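This is a predicted model, so every value here is computed, not measured. Remember, it's 1-based here, ligands and their atoms both numbered in the order they're listed.
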Amino acid sequence: MNPIREVQIKAFSKEYKVQIHSDFRGLGETIKKFYPISSIFILTERKLSGLFSKFYESELSCPGIPYHEIYIKGGEKNKHILRTAEVYNKLIELGADRKSLIIALGGGVVGDFAGFIASTFQRGIRFAQVPTTLLASVDSSVGGKVAVNADLGKNMIGSFYQPEFVYLPLIALSTLPKREWRCGMAEIVKHGLLSGGEYLEKVRSNDKSVYDHTSPELLELIVGSILYKSNVVSQDEREAGLRKVLNLGHTTAHAIESLTNYRRYSHGEAVSIGLLTAIILSAEKQGLDPSWIESLRKILKAYDLPYHDKSKSTQVAKHTLHDKKNVGNSVRFVLLQSPGNPIWDIPIELEEIASAFRKQKKMD
Ligand code: GLY
């Protein structure tokens with residue numbers, strides 16, 4: 001079964017394809033291209049296996065190649081270094097070796113965790129990403145960032161480790177709750193602002209009616225997002241410079257998430273609020289046309305995304321100091337000079353952040 005669309009990722013360490021398919025028919029054929037394989041390990045959440053194994057089982061039953069499922073618990077708190085030992089042990093018990101293939105089937109948490117396991121098991125074995133959420137499809141499954149959390153910090157232990165391929169079955173999106181759609185859409189809007197031009201116009205001219213896995217407009221938004229990310233990763237795989245732009249909106253987002261104990265917002269919703277903070281600061285500090293503030297508010301509203309939060313502005317500003325991308329005591333932001341022209345590592349004063357946050361709080 002041929003993919004509906006395909007995007008080539010040209011990272012320095014590896015080139016691979018992101019294949020977009022309507023369902024799982026085609027996964028077996030894709031895997032065959034990576035023979036010889038001694039065994040296949042699906043790392044996934046039990047509930048995802050319940051939903052999708054009836055579709056992928058037949059794709060994975062290849063004579064002479066055993067396949068096993070290892071369940072991992074979803075949720076950011078389970079993406080923890082202490083949870084890795086049980087998975088390594090299971091892999092050893094089940095006879096995984098250097099010719100085994102790990103398939104990370106799930107959202108961002110599963111992809112990060114399973115990718116980290118693959119990057120370290122026997123000093124690194126091959127793995128593939130099969131994203132089942134919009135966020136994983138347009139962001140976390142592409143570009144090779146894999147990591148687990150430590151007690152004192154998210155994604156503190158990890159590496160850059162590219163998959164052999166990414167297989168994106170659109171049917172998986174059919175089961176997504178609204179909140180998960182929004183979470184992925186915030187990253188799409190981010191990619192739109194960063195890329196500017198035609199892609200931003202596509203983002204701007206659609207709305208939440210694209211929250212449907214059969215929508216042709218959704219497909220275009222997904223492809224454009226992956227193309228943008230692929231372009232960035234091909235120039236800077238290890239985030240020495242340009243790749244930092246992908247953190248647009250994330251400084252404030254991380255602050256809001258930690259201030260609200262990761263309970264009030266999903267990551268994407270926090271990014272959505274953070275994008276507007278970054279655009280207000282961009283208008284104030286980088287000469288971005290201020291009409292983009294209202295344009296972005298409208299875009300976020302059209303996709304049912306939040307753009308303000310009731311937290312105290314000064315507290316949000318203070319929490320941005322915890323961002324691991326800061327240098328010393330100054331907060332570093334990604335800002336836009338214009339859509340399509342991001343600039344990174346811009347030092348911003350806490351009072352400026354608080355003032356931007358206060359402004360967006362007042363917006364209807
Ligand atoms: N999610 C941001 C990156 O992959 O760099």
Side-chain angles (χ1 to χ4, degrees), residues 7-16 18 76 79 104 106-116 118-119 127-129 131-149 153-163 165-166 168 180 182-195 199 221-222 224-257 265-275 278 323-326 332-336 342-345:
V7 179
Q8 184 77 14
I9 311 293
K10 293 185 177 164
F12 181 76
S13 67
K14 182 178 278 169
E15 291 195 15
Y16 56 96
V18 179
E76 195 62 41
K79 201 184 90 179
V109 165
V110 169
D112 282 7
F113 187 91
F116 177 78
S119 74
F127 90 112
Q129 292 271 16
T132 60
T133 63
L134 184 61
L135 182 127
S137 301
V138 298
D139 189 19
S140 56
S141 72
V142 178
K145 276 193 180 176
V146 296
V148 290
N149 303 331
K154 205 173 152 185
N155 294 331
M156 278 291 159
I157 307 153
S159 57
F160 292 94
Y161 192 71
Q162 304 293 343
F165 64 88
V166 181
L168 198 168
E180 281 288 343
R182 290 201 288 269
C183 207
M185 192 49 72
E187 300 288 348
I188 290 180
V189 173
K190 177 192 83 179
H191 288 153
L193 292 167
L194 290 169
S195 81
Y199 184 58
L221 292 177
I222 291 176
S225 235
I226 299 172
L227 276 170
Y228 177 74
K229 186 153 184 189
S230 132
N231 181 27
V232 170
V233 170
S234 71
Q235 295 176 64
D236 176 22
E237 180 179 3
R238 297 180 72 90
E239 203 168 303
L242 176 69
R243 188 166 176 168
K244 292 183 188 178
V245 301
L246 299 177
N247 295 313
L248 181 70
H250 282 60
T251 313
T252 320
H254 291 150
I256 302 171
E257 282 180 291
Y265 299 108
S266 65
H267 174 65
E269 288 167 334
V271 167
S272 171
I273 297 169
L275 285 176
D323 197 298
K324 68 176 182 290
K325 286 167 181 97
N326 290 334
R332 304 285 163 136
F333 265 75
V334 179
L335 297 178
L336 291 185
I343 176 163
W344 60 92
D345 278 347

> Tell me, which protein residue and heavy-atom name are nearest atom 5 (O) of ligand 1, and how many Å apart are they?
Replying inline: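 Sorting protein heavy atoms by distance from atom 5 (O) of ligand 1 puts R243 NE, 2.8 Å first.
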
> Nearest protein heavy-atom contact for atom 4 (O) of ligand 1: which residue, which atom, what distance?
Replying inline: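 I find the closest protein heavy atom is K229 NZ, 2.6 Å.
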
>> For H191 and Y228, take the angle between the two ring planes, folded into 0 to 90°, and tell me which bin it lands in: parallel under 30, tilted 30 to 60, perpendicular over 60.
In response: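 The arrangement is tilted - the two ring planes meet at 30° to 60°.
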
> Between F127 and Q129, what is the shortest heavy-atom contact and its length?
Replying inline: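 Shortest heavy-atom separation between F127 and Q129 comes out as CE1-NE2, 3.6 Å.
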
>> How close do P342 and L194 get, counting heavy atoms only, and between which atoms?
In response: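 Shortest heavy-atom contact: CB-CD2, 3.6 Å.
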
> Taking C-beta and beyond as the side chain, do F12 and D236 meet within less than 4.5 Å on heavy atoms?
Replying inline: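 They are not in contact (no side-chain heavy atoms under 4.5 Å apart), so the answer is no.
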
>> Can you name the atoms of ligand 1, numbered from 1 with element, that are less than 4.0 Å from a heavy atom of D139?
In response: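 Under 4.0 Å from D139, ligand 1 has these atoms: 1 (N), 2 (C).
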
>> Consider side chain to side chain donor-acceptor pair (under 3.5 Å). Of E76, K145, K79, which one does N155 pass it with?
In response: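 Single side chain to side chain donor-acceptor pair (under 3.5 Å) partner of N155 among E76, K145, K79: K79.
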
>> Is there a polar contact, in the sense of an N or O pair closer than 3.5 Å, between K190 and ligand 1?
In response: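 No: no nitrogen or oxygen of K190 is under 3.5 Å from one in ligand 1.
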
>> With respect to K145, determine whether any N or O atom, backbone or side chain, lies less than 3.5 Å from an N or O atom of ligand 1.
In response: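 Right, the criterion is met.
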
